[in-house]
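So the structure is just underneath, and the comments pick up after that.
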Amino acid sequence: MKVHVDMSICLLHGQCVIAAPEVFSFDDDGGLVWLAEVDESLAADVEAASDACPEQAIVIG
Amino acid sequence: MTQQEILSTDALPYLDIADADFSIRSQAVLDARDAAWCARTPYGLAVLRYDDVQKMLRHPKLRQGSYRWPAHSGVTGGAFARWWEQMLLSQEGSEHARLRRMANPAFSPKLISSLIPKFQALANRLIDGFAEKGECDFIAEFTEPYATGVICDLLGLPFEKWRELADIAGDMGLALAVSYKRDQATVDAATERLFAYAEELVALRRAEPSEDFIGMLVRANADTDQLSDQELLDMIVLAIFGGIDTTRNQLGLAMAMFIEHPEQWALLAEQPDLARPAVEEVMRVRPTVTWVTREATETFTYNGTEIPQGTTVHLFSQSAASDPAVFETTDFDITAKRKPHFGFGGGTHHCLGHFIARGDMTEALKLLAQRLKNPRFNGEVLWLPDSGNTGATAMPIAFDAA
Ligand code: HEM
Ligand code: SF4
(Lines give C-alpha, C1' and ligand atoms only; values in the text may rest on other atoms or scores of the structure.)
(Ligands and ions follow the chains in the order given, each with its own letter.)
Protein backbone atom coordinates (compact mmCIF):
# COMPACT_ATOMS: atom_id res chain seq x y z
CA MET A 1 0.00 0.00 0.00
CA LYS A 2 1.05 3.59 -0.64
CA VAL A 3 1.49 6.10 2.17
CA HIS A 4 1.70 9.84 1.82
CA VAL A 5 1.75 12.67 4.35
CA ASP A 6 0.45 16.07 3.33
CA MET A 7 3.28 18.15 4.74
CA SER A 8 1.32 21.36 4.21
CA ILE A 9 -0.96 20.36 7.10
CA CYS A 10 1.27 18.03 9.17
CA LEU A 11 2.24 19.70 12.45
CA LEU A 12 4.83 17.09 13.44
CA HIS A 13 2.87 15.92 16.50
CA GLY A 14 4.40 12.49 16.01
CA GLN A 15 1.21 10.54 16.75
CA CYS A 16 1.93 8.51 13.59
CA VAL A 17 5.38 7.66 14.97
CA ILE A 18 3.70 6.35 18.12
CA ALA A 19 1.04 4.41 16.24
CA ALA A 20 3.24 2.92 13.48
CA PRO A 21 6.94 3.22 14.38
CA GLU A 22 7.95 0.83 11.57
CA VAL A 23 6.55 3.24 9.00
CA PHE A 24 6.94 6.77 10.41
CA SER A 25 9.91 8.29 12.20
CA PHE A 26 11.65 11.58 12.89
CA ASP A 27 15.07 12.27 11.38
CA ASP A 28 17.87 13.95 13.31
CA ASP A 29 16.59 17.41 12.41
CA GLY A 30 13.12 16.59 13.70
CA GLY A 31 11.63 16.22 10.19
CA LEU A 32 9.06 13.50 9.52
CA VAL A 33 10.11 10.61 7.30
CA TRP A 34 7.99 7.66 6.25
CA LEU A 35 8.00 4.64 3.96
CA ALA A 36 6.11 5.54 0.79
CA GLU A 37 5.38 1.91 -0.01
CA VAL A 38 4.58 -0.50 2.82
CA ASP A 39 3.85 -4.17 3.06
CA GLU A 40 0.23 -5.19 3.65
CA SER A 41 1.29 -6.77 6.93
CA LEU A 42 1.61 -3.24 8.30
CA ALA A 43 -1.77 -2.08 6.99
CA ALA A 44 -3.43 -2.10 10.40
CA ASP A 45 -0.68 0.04 11.90
CA VAL A 46 -0.80 2.53 9.04
CA GLU A 47 -4.55 2.84 9.41
CA ALA A 48 -4.18 3.34 13.15
CA ALA A 49 -1.66 6.10 12.43
CA SER A 50 -3.96 7.75 9.92
CA ASP A 51 -6.84 7.65 12.43
CA ALA A 52 -4.66 9.00 15.22
CA CYS A 53 -3.17 11.89 13.24
CA PRO A 54 -4.68 15.02 14.85
CA GLU A 55 -4.39 16.98 11.60
CA GLN A 56 -5.66 14.07 9.45
CA ALA A 57 -2.62 14.58 7.22
CA ILE A 58 -1.99 10.95 6.26
CA VAL A 59 -3.24 9.72 2.89
CA ILE A 60 -3.36 5.99 2.25
CA GLY A 61 -3.46 5.01 -1.42
CA MET B 1 23.20 28.89 35.04
CA THR B 2 20.55 27.69 37.47
CA GLN B 3 16.79 28.11 37.18
CA GLN B 4 17.12 30.84 39.82
CA GLU B 5 19.70 32.76 37.78
CA ILE B 6 17.86 32.66 34.47
CA LEU B 7 14.74 33.79 36.31
CA SER B 8 16.55 36.87 37.53
CA THR B 9 18.05 38.07 34.24
CA ASP B 10 16.60 41.49 33.51
CA ALA B 11 16.94 40.94 29.77
CA LEU B 12 13.61 39.10 29.67
CA PRO B 13 10.19 40.60 30.45
CA TYR B 14 8.45 39.43 33.64
CA LEU B 15 4.86 38.19 33.95
CA ASP B 16 3.39 37.52 37.38
CA ILE B 17 1.18 34.59 36.40
CA ALA B 18 0.68 33.68 40.08
CA ASP B 19 -1.19 36.96 40.76
CA ALA B 20 -4.96 36.27 40.94
CA ASP B 21 -5.52 39.41 38.82
CA PHE B 22 -3.08 38.38 36.10
CA SER B 23 -4.83 38.08 32.72
CA ILE B 24 -3.44 36.00 29.87
CA ARG B 25 -5.13 38.53 27.55
CA SER B 26 -3.58 41.62 29.14
CA GLN B 27 -1.52 44.24 27.34
CA ALA B 28 1.44 43.11 29.45
CA VAL B 29 1.43 39.73 27.69
CA LEU B 30 1.20 41.36 24.25
CA ASP B 31 4.06 43.73 25.12
CA ALA B 32 6.16 40.83 26.37
CA ARG B 33 5.45 38.91 23.15
CA ASP B 34 6.63 41.93 21.12
CA ALA B 35 9.74 42.30 23.23
CA ALA B 36 11.00 38.73 23.50
CA TRP B 37 10.23 35.13 22.62
CA CYS B 38 9.79 34.29 26.27
CA ALA B 39 9.12 35.90 29.64
CA ARG B 40 10.13 35.08 33.20
CA THR B 41 7.37 34.12 35.66
CA PRO B 42 7.33 33.27 39.39
CA TYR B 43 7.70 29.62 38.34
CA GLY B 44 9.76 29.18 35.23
CA LEU B 45 9.46 30.63 31.76
CA ALA B 46 6.51 31.56 29.55
CA VAL B 47 6.87 30.98 25.79
CA LEU B 48 4.82 33.55 23.92
CA ARG B 49 5.12 33.26 20.14
CA TYR B 50 3.53 30.85 17.68
CA ASP B 51 6.66 29.34 16.12
CA ASP B 52 8.36 28.82 19.48
CA VAL B 53 5.30 27.25 21.08
CA GLN B 54 5.01 24.90 18.13
CA LYS B 55 8.69 23.93 18.30
CA MET B 56 8.71 23.51 22.05
CA LEU B 57 5.58 21.35 22.05
CA ARG B 58 7.77 18.68 20.46
CA HIS B 59 11.17 19.56 21.88
CA PRO B 60 13.07 16.39 22.86
CA LYS B 61 14.51 18.02 26.00
CA LEU B 62 11.09 18.93 27.40
CA ARG B 63 8.67 16.60 29.16
CA GLN B 64 5.10 17.14 30.32
CA GLY B 65 5.34 19.20 33.48
CA SER B 66 2.38 18.43 35.77
CA TYR B 67 3.44 14.96 36.92
CA ARG B 68 5.05 16.34 40.05
CA TRP B 69 1.97 18.29 41.11
CA PRO B 70 1.00 16.05 44.08
CA ALA B 71 4.57 16.16 45.42
CA HIS B 72 4.70 19.95 44.88
CA SER B 73 1.48 20.22 46.87
CA GLY B 74 2.98 18.23 49.74
CA VAL B 75 0.82 15.19 49.06
CA THR B 76 2.30 11.71 49.03
CA GLY B 77 0.06 8.71 48.55
CA GLY B 78 -3.69 8.49 48.27
CA ALA B 79 -5.83 7.36 45.34
CA PHE B 80 -5.57 10.60 43.37
CA ALA B 81 -1.78 10.99 43.59
CA ARG B 82 -1.26 7.32 42.70
CA TRP B 83 -3.41 7.71 39.59
CA TRP B 84 -2.07 11.12 38.61
CA GLU B 85 1.55 10.04 38.66
CA GLN B 86 0.91 6.91 36.59
CA MET B 87 -1.66 7.99 34.02
CA LEU B 88 -0.96 8.72 30.35
CA LEU B 89 -0.34 12.48 30.65
CA SER B 90 2.38 11.91 33.26
CA GLN B 91 4.22 9.28 31.22
CA GLU B 92 6.95 9.89 28.65
CA GLY B 93 8.87 7.97 26.00
CA SER B 94 8.13 4.32 25.38
CA GLU B 95 5.72 3.97 28.33
CA HIS B 96 3.67 6.89 27.05
CA ALA B 97 3.75 5.51 23.50
CA ARG B 98 2.57 2.08 24.63
CA LEU B 99 -0.38 3.48 26.59
CA ARG B 100 -1.32 5.89 23.82
CA ARG B 101 -1.16 3.17 21.15
CA MET B 102 -3.51 1.02 23.21
CA ALA B 103 -5.95 3.85 23.81
CA ASN B 104 -6.03 5.23 20.25
CA PRO B 105 -8.72 2.89 18.82
CA ALA B 106 -11.18 3.94 21.53
CA PHE B 107 -10.75 7.60 20.51
CA SER B 108 -10.72 7.16 16.74
CA PRO B 109 -12.76 9.48 14.52
CA LYS B 110 -14.66 6.43 13.18
CA LEU B 111 -15.98 5.58 16.62
CA ILE B 112 -16.90 9.17 17.34
CA SER B 113 -19.00 9.69 14.22
CA SER B 114 -21.47 7.10 15.52
CA LEU B 115 -21.99 9.27 18.60
CA ILE B 116 -22.99 12.42 16.69
CA PRO B 117 -26.77 11.69 16.73
CA LYS B 118 -26.52 11.19 20.49
CA PHE B 119 -24.78 14.54 20.91
CA GLN B 120 -27.55 16.20 18.91
CA ALA B 121 -30.28 14.54 20.99
CA LEU B 122 -28.52 15.60 24.18
CA ALA B 123 -28.16 19.23 23.07
CA ASN B 124 -31.81 19.42 22.01
CA ARG B 125 -33.00 17.86 25.23
CA LEU B 126 -31.08 20.41 27.31
CA ILE B 127 -32.23 23.36 25.19
CA ASP B 128 -35.85 22.11 25.50
CA GLY B 129 -35.44 22.42 29.25
CA PHE B 130 -35.04 26.21 29.17
CA ALA B 131 -36.03 27.46 25.70
CA GLU B 132 -39.47 28.70 26.74
CA LYS B 133 -38.13 30.72 29.67
CA GLY B 134 -36.05 32.83 27.30
CA GLU B 135 -33.21 32.72 29.82
CA CYS B 136 -30.91 30.30 31.59
CA ASP B 137 -27.64 29.94 33.39
CA PHE B 138 -25.71 28.73 30.38
CA ILE B 139 -23.18 26.87 32.54
CA ALA B 140 -25.52 25.13 35.01
CA GLU B 141 -28.24 24.41 32.46
CA PHE B 142 -26.23 23.71 29.33
CA THR B 143 -22.46 23.37 29.28
CA GLU B 144 -22.09 21.35 32.47
CA PRO B 145 -24.83 18.75 31.82
CA TYR B 146 -23.79 18.67 28.15
CA ALA B 147 -20.09 18.06 28.79
CA THR B 148 -20.92 15.39 31.37
CA GLY B 149 -23.75 13.92 29.28
CA VAL B 150 -21.30 13.44 26.40
CA ILE B 151 -19.10 11.39 28.71
CA CYS B 152 -22.18 9.35 29.76
CA ASP B 153 -22.84 8.66 26.06
CA LEU B 154 -19.23 7.67 25.55
CA LEU B 155 -19.32 5.27 28.51
CA GLY B 156 -22.77 3.94 27.72
CA LEU B 157 -24.26 5.35 30.94
CA PRO B 158 -27.79 6.80 31.11
CA PHE B 159 -27.93 10.62 31.04
CA GLU B 160 -29.40 10.61 34.59
CA LYS B 161 -25.94 9.74 35.90
CA TRP B 162 -24.53 13.09 34.80
CA ARG B 163 -24.98 14.92 38.11
CA GLU B 164 -23.17 12.23 40.03
CA LEU B 165 -20.27 12.14 37.56
CA ALA B 166 -20.03 15.94 37.55
CA ASP B 167 -19.90 16.00 41.34
CA ILE B 168 -17.20 13.34 41.45
CA ALA B 169 -15.13 15.18 38.83
CA GLY B 170 -15.65 18.42 40.74
CA ASP B 171 -14.37 16.90 43.97
CA MET B 172 -11.40 15.36 42.18
CA GLY B 173 -10.71 18.73 40.58
CA LEU B 174 -9.99 20.14 44.05
CA ALA B 175 -6.66 18.35 43.68
CA LEU B 176 -5.58 20.81 41.01
CA ALA B 177 -5.95 23.83 43.30
CA VAL B 178 -3.36 25.10 45.78
CA SER B 179 -5.54 23.70 48.58
CA TYR B 180 -5.07 20.07 47.43
CA LYS B 181 -3.45 18.96 50.69
CA ARG B 182 -6.25 20.43 52.80
CA ASP B 183 -8.90 18.76 50.61
CA GLN B 184 -7.07 15.48 50.20
CA ALA B 185 -9.70 13.33 51.97
CA THR B 186 -12.47 14.62 49.68
CA VAL B 187 -10.26 14.25 46.59
CA ASP B 188 -9.29 10.68 47.38
CA ALA B 189 -12.84 9.61 48.27
CA ALA B 190 -14.09 10.96 44.91
CA THR B 191 -11.23 9.25 43.06
CA GLU B 192 -12.09 5.93 44.69
CA ARG B 193 -15.74 6.32 43.69
CA LEU B 194 -14.76 6.99 40.09
CA PHE B 195 -12.53 3.90 40.06
CA ALA B 196 -15.41 1.82 41.43
CA TYR B 197 -17.54 3.12 38.54
CA ALA B 198 -14.84 2.28 36.01
CA GLU B 199 -14.58 -1.25 37.42
CA GLU B 200 -18.31 -1.79 37.04
CA LEU B 201 -18.20 -0.62 33.42
CA VAL B 202 -15.32 -2.94 32.64
CA ALA B 203 -17.06 -5.91 34.27
CA LEU B 204 -20.15 -5.25 32.12
CA ARG B 205 -18.11 -5.18 28.89
CA ARG B 206 -16.16 -8.29 29.84
CA ALA B 207 -19.46 -10.11 30.31
CA GLU B 208 -20.85 -8.70 27.07
CA PRO B 209 -18.16 -7.55 24.59
CA SER B 210 -19.01 -4.50 22.49
CA GLU B 211 -17.42 -2.21 19.93
CA ASP B 212 -17.92 0.99 21.92
CA PHE B 213 -15.41 3.09 23.83
CA ILE B 214 -15.04 0.87 26.92
CA GLY B 215 -15.32 -2.20 24.69
CA MET B 216 -12.29 -1.08 22.66
CA LEU B 217 -10.23 -0.45 25.79
CA VAL B 218 -11.27 -3.79 27.28
CA ARG B 219 -10.15 -5.45 24.06
CA ALA B 220 -6.71 -3.78 24.29
CA ASN B 221 -6.52 -5.11 27.84
CA ALA B 222 -7.44 -8.68 26.86
CA ASP B 223 -3.75 -9.02 26.06
CA THR B 224 -2.51 -7.86 29.44
CA ASP B 225 1.09 -7.59 28.24
CA GLN B 226 -0.15 -4.56 26.38
CA LEU B 227 -2.43 -2.90 28.92
CA SER B 228 -2.71 -4.06 32.52
CA ASP B 229 -5.95 -4.01 34.49
CA GLN B 230 -4.76 -1.02 36.48
CA GLU B 231 -3.78 0.87 33.31
CA LEU B 232 -7.16 0.14 31.79
CA LEU B 233 -8.95 1.70 34.77
CA ASP B 234 -6.48 4.62 34.86
CA MET B 235 -7.28 5.40 31.22
CA ILE B 236 -11.06 5.35 31.75
CA VAL B 237 -10.71 7.64 34.77
CA LEU B 238 -8.53 10.01 32.73
CA ALA B 239 -11.07 10.18 29.91
CA ILE B 240 -13.84 11.06 32.39
CA PHE B 241 -11.79 13.54 34.39
CA GLY B 242 -10.06 15.10 31.37
CA GLY B 243 -13.21 15.51 29.32
CA ILE B 244 -15.68 17.22 31.65
CA ASP B 245 -14.30 20.57 32.86
CA THR B 246 -12.46 21.24 29.61
CA THR B 247 -15.56 20.90 27.46
CA ARG B 248 -17.76 22.75 29.97
CA ASN B 249 -15.36 25.68 30.05
CA GLN B 250 -14.68 25.76 26.32
CA LEU B 251 -18.39 25.91 25.41
CA GLY B 252 -18.97 28.69 27.96
CA LEU B 253 -16.10 30.65 26.42
CA ALA B 254 -17.65 30.07 23.00
CA MET B 255 -20.96 31.58 24.12
CA ALA B 256 -19.17 34.59 25.62
CA MET B 257 -17.32 35.20 22.35
CA PHE B 258 -20.53 35.03 20.34
CA ILE B 259 -22.41 37.32 22.74
CA GLU B 260 -19.64 39.85 22.15
CA HIS B 261 -19.89 39.28 18.37
CA PRO B 262 -23.63 38.98 17.61
CA GLU B 263 -23.11 39.23 13.84
CA GLN B 264 -21.02 36.05 13.98
CA TRP B 265 -23.82 34.24 15.84
CA ALA B 266 -26.35 35.31 13.21
CA LEU B 267 -23.99 34.08 10.51
CA LEU B 268 -23.63 30.71 12.24
CA ALA B 269 -27.43 30.38 12.49
CA GLU B 270 -27.69 31.03 8.74
CA GLN B 271 -24.82 28.72 7.81
CA PRO B 272 -24.73 25.71 10.16
CA ASP B 273 -21.67 24.33 8.31
CA LEU B 274 -19.67 27.10 9.93
CA ALA B 275 -20.04 25.36 13.31
CA ARG B 276 -16.92 23.25 12.75
CA PRO B 277 -14.63 26.20 11.84
CA ALA B 278 -16.34 28.20 14.62
CA VAL B 279 -15.03 25.70 17.19
CA GLU B 280 -11.49 26.27 15.88
CA GLU B 281 -11.84 30.04 15.87
CA VAL B 282 -13.21 30.09 19.44
CA MET B 283 -10.36 27.87 20.59
CA ARG B 284 -7.85 30.13 18.87
CA VAL B 285 -9.04 33.36 20.48
CA ARG B 286 -10.40 32.02 23.75
CA PRO B 287 -8.91 28.61 24.63
CA THR B 288 -9.84 27.21 28.05
CA VAL B 289 -6.37 25.69 28.36
CA THR B 290 -4.44 28.95 28.05
CA TRP B 291 -1.07 27.27 28.52
CA VAL B 292 0.42 23.78 28.79
CA THR B 293 3.31 23.05 31.12
CA ARG B 294 6.63 21.40 30.32
CA GLU B 295 9.83 20.73 32.27
CA ALA B 296 13.43 20.64 30.99
CA THR B 297 14.84 17.10 31.37
CA GLU B 298 18.38 18.40 30.80
CA THR B 299 20.05 21.76 30.31
CA PHE B 300 19.75 23.03 26.74
CA THR B 301 20.04 26.25 24.76
CA TYR B 302 17.12 27.65 22.82
CA ASN B 303 17.13 30.95 20.90
CA GLY B 304 20.39 31.77 22.64
CA THR B 305 18.90 31.33 26.12
CA GLU B 306 20.28 28.59 28.32
CA ILE B 307 17.43 26.67 29.93
CA PRO B 308 18.67 24.75 32.96
CA GLN B 309 17.53 21.23 33.77
CA GLY B 310 14.36 21.27 35.88
CA THR B 311 13.11 24.63 34.54
CA THR B 312 9.33 24.81 34.21
CA VAL B 313 8.25 26.11 30.80
CA HIS B 314 4.70 27.38 30.18
CA LEU B 315 3.72 27.28 26.51
CA PHE B 316 1.17 30.06 26.06
CA SER B 317 -1.41 28.69 23.60
CA GLN B 318 -3.40 31.87 24.06
CA SER B 319 -0.76 34.42 23.03
CA ALA B 320 0.70 32.13 20.32
CA ALA B 321 -2.61 31.97 18.49
CA SER B 322 -2.87 35.73 18.02
CA ASP B 323 0.82 36.20 17.16
CA PRO B 324 0.93 38.91 14.44
CA ALA B 325 3.99 37.20 12.93
CA VAL B 326 1.69 34.37 11.82
CA PHE B 327 -1.86 35.76 11.79
CA GLU B 328 -2.42 38.72 9.47
CA THR B 329 -5.72 39.56 11.09
CA THR B 330 -6.67 38.34 14.52
CA ASP B 331 -10.26 39.54 14.96
CA PHE B 332 -12.83 36.86 15.81
CA ASP B 333 -14.04 35.64 12.42
CA ILE B 334 -15.52 32.15 11.96
CA THR B 335 -15.11 32.37 8.18
CA ALA B 336 -11.37 33.10 8.20
CA LYS B 337 -8.88 30.44 7.11
CA ARG B 338 -6.24 30.18 9.83
CA LYS B 339 -3.19 28.23 10.86
CA PRO B 340 -3.99 25.70 13.59
CA HIS B 341 -4.27 26.83 17.24
CA PHE B 342 -2.75 25.01 20.23
CA GLY B 343 -5.93 24.74 22.31
CA PHE B 344 -5.52 20.94 22.35
CA GLY B 345 -1.79 21.15 23.03
CA GLY B 346 0.50 19.40 20.56
CA GLY B 347 3.24 16.84 20.14
CA THR B 348 3.08 13.47 21.86
CA HIS B 349 0.55 14.65 24.46
CA HIS B 350 -1.79 16.24 21.90
CA CYS B 351 -5.30 15.87 23.36
CA LEU B 352 -6.46 12.29 22.89
CA GLY B 353 -10.12 13.33 23.15
CA HIS B 354 -10.02 16.08 20.52
CA PHE B 355 -12.15 14.27 17.93
CA ILE B 356 -14.82 13.82 20.60
CA ALA B 357 -14.53 17.41 21.83
CA ARG B 358 -14.54 18.85 18.32
CA GLY B 359 -17.54 16.69 17.40
CA ASP B 360 -19.63 17.47 20.45
CA MET B 361 -18.89 21.21 20.45
CA THR B 362 -19.70 21.45 16.74
CA GLU B 363 -23.11 19.86 17.24
CA ALA B 364 -23.82 22.00 20.30
CA LEU B 365 -22.98 25.30 18.58
CA LYS B 366 -24.95 24.33 15.50
CA LEU B 367 -28.14 23.67 17.48
CA LEU B 368 -27.68 26.55 19.91
CA ALA B 369 -27.34 29.05 17.06
CA GLN B 370 -30.50 27.66 15.46
CA ARG B 371 -32.57 27.83 18.61
CA LEU B 372 -31.25 30.74 20.70
CA LYS B 373 -31.52 34.03 18.83
CA ASN B 374 -29.85 37.21 19.95
CA PRO B 375 -28.23 35.84 23.12
CA ARG B 376 -27.05 38.41 25.68
CA PHE B 377 -25.67 38.48 29.21
CA ASN B 378 -28.46 38.69 31.77
CA GLY B 379 -26.68 39.17 35.10
CA GLU B 380 -23.22 38.77 36.53
CA VAL B 381 -20.92 36.24 34.84
CA LEU B 382 -18.59 34.52 37.31
CA TRP B 383 -15.14 33.77 35.91
CA LEU B 384 -12.24 31.57 36.94
CA PRO B 385 -8.91 33.47 36.86
CA ASP B 386 -8.06 34.44 33.27
CA SER B 387 -5.03 32.13 33.12
CA GLY B 388 -4.19 28.42 33.44
CA ASN B 389 -7.44 26.54 32.72
CA THR B 390 -10.02 29.29 32.47
CA GLY B 391 -13.77 29.64 31.93
CA ALA B 392 -17.02 30.81 33.49
CA THR B 393 -18.63 29.12 36.50
CA ALA B 394 -21.96 30.96 36.07
CA MET B 395 -23.28 32.74 32.97
CA PRO B 396 -26.84 34.06 33.13
CA ILE B 397 -28.04 34.72 29.57
CA ALA B 398 -31.27 35.82 27.94
CA PHE B 399 -32.29 35.10 24.33
CA ASP B 400 -35.22 35.04 21.94
CA ALA B 401 -36.39 31.47 21.40
CA ALA B 402 -36.60 30.56 17.71
C1 HEM C 1 -12.72 21.30 24.72
C2 HEM C 1 -12.34 20.22 25.34
C3 HEM C 1 -10.91 19.82 25.59
C4 HEM C 1 -9.77 20.59 25.65
C5 HEM C 1 -9.66 22.09 25.47
C6 HEM C 1 -8.67 19.69 25.92
C7 HEM C 1 -7.34 20.08 26.02
C8 HEM C 1 -6.27 19.23 26.21
C9 HEM C 1 -4.88 19.64 26.21
C10 HEM C 1 -4.39 21.06 26.04
C11 HEM C 1 -4.11 18.53 26.41
C12 HEM C 1 -2.59 18.46 26.46
C13 HEM C 1 -2.05 18.73 27.83
C14 HEM C 1 -0.55 18.87 27.83
O15 HEM C 1 0.10 18.73 26.79
O16 HEM C 1 0.02 19.14 28.90
C17 HEM C 1 -5.03 17.40 26.54
C18 HEM C 1 -4.64 16.09 26.75
C19 HEM C 1 -5.52 15.05 26.93
N20 HEM C 1 -6.91 15.09 26.77
FE21 HEM C 1 -8.00 16.72 26.29
N22 HEM C 1 -9.15 18.41 26.03
C23 HEM C 1 -10.51 18.44 25.83
C24 HEM C 1 -11.37 17.36 25.84
C25 HEM C 1 -11.01 16.07 26.10
C26 HEM C 1 -11.92 14.95 26.13
C27 HEM C 1 -13.41 15.03 25.82
C28 HEM C 1 -11.18 13.85 26.48
C29 HEM C 1 -11.60 12.41 26.66
C30 HEM C 1 -12.77 11.91 26.43
C31 HEM C 1 -9.80 14.29 26.64
C32 HEM C 1 -8.74 13.45 26.99
C33 HEM C 1 -7.41 13.84 27.02
C34 HEM C 1 -6.32 12.92 27.33
C35 HEM C 1 -6.46 11.44 27.64
C36 HEM C 1 -5.12 13.68 27.27
C37 HEM C 1 -3.70 13.18 27.53
C38 HEM C 1 -3.01 12.82 26.25
C39 HEM C 1 -1.58 12.37 26.44
O40 HEM C 1 -0.94 12.68 27.45
O41 HEM C 1 -1.06 11.68 25.53
N42 HEM C 1 -9.74 15.63 26.40
N43 HEM C 1 -6.34 17.85 26.40
S1 SF4 D 1 0.50 12.44 13.37
FE2 SF4 D 1 -0.09 13.66 11.59
S3 SF4 D 1 0.49 15.74 12.10
FE4 SF4 D 1 1.55 14.38 13.49
S5 SF4 D 1 3.55 13.99 12.57
FE6 SF4 D 1 2.22 12.35 11.94
S7 SF4 D 1 1.34 13.07 10.04
FE8 SF4 D 1 2.22 14.86 10.98
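Values in this document were obtained by computation on a predicted structure and should not be read as measured data. Per chain, numbering begins at 1; letters A, B, ... match sequence-line order.
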Only counting residues at least two apart or in another chain, list the ones meeting side-chain hydrogen bond (donor to acceptor under 3.5 Å, both in side chains) with R276(B). E280(B)
All side chain to side chain contact (heavy atoms under 4.5 Å, CB included) counterparts of V17(A), not counting sequence neighbours: F24(A), F26(A), L32(A)
Please name all residues satisfying side chain to side chain contact (heavy atoms under 4.5 Å, CB included) with T330(B), sequence neighbours left out, ordered by chain then number. R284(B), S322(B), F327(B)
Quick one: does [X]'s side chain get under 4.5 Å of [Y]'s, heavy atoms only?
X	Y	result
D51(A)	N104(B)	no
Q54(B)	L11(A)	yes
I18(A)	H96(B)	yes

Take atom CD in E328(B); do more than 12 heavy atoms of anything else shown fall under 6.0 Å from it? no
Identify the heavy atoms of R58(B) and L12(A) that sit nearest to each other, and give their distance. CD-O, 3.1 Å
Residue from G30(A), A52(A), P54(A), A48(A) scoring the most non-hydrogen pairs under 4.5 Å with chain B is P54(A)
Contact part of C16(A) toward chain B, heavy-atom cut-off under 4.5 Å: side chain, backbone, both or neither? neither
Is chain A contacted by the side chain of P340(B), its backbone, both, or neither, given a heavy-atom distance below 4.5 Å? side chain
Proximity breakdown for K110(B) and chain A, heavy-atom pairs closer than 4.5 Å: side chain
Expected output: side-chain Q15(A) to main-chain G347(B) donor-acceptor under 3.5 Å: yes
Write out, in numerical order, the residues from residues 352-362 of chain B with a heavy atom short of 4.5 Å from a heavy atom in chain A. H354(B), F355(B), R358(B)
Top contributor to chain A contacts, counting heavy-atom pairs under 4.5 Å, from P109(B), S94(B), C351(B), G345(B): P109(B)
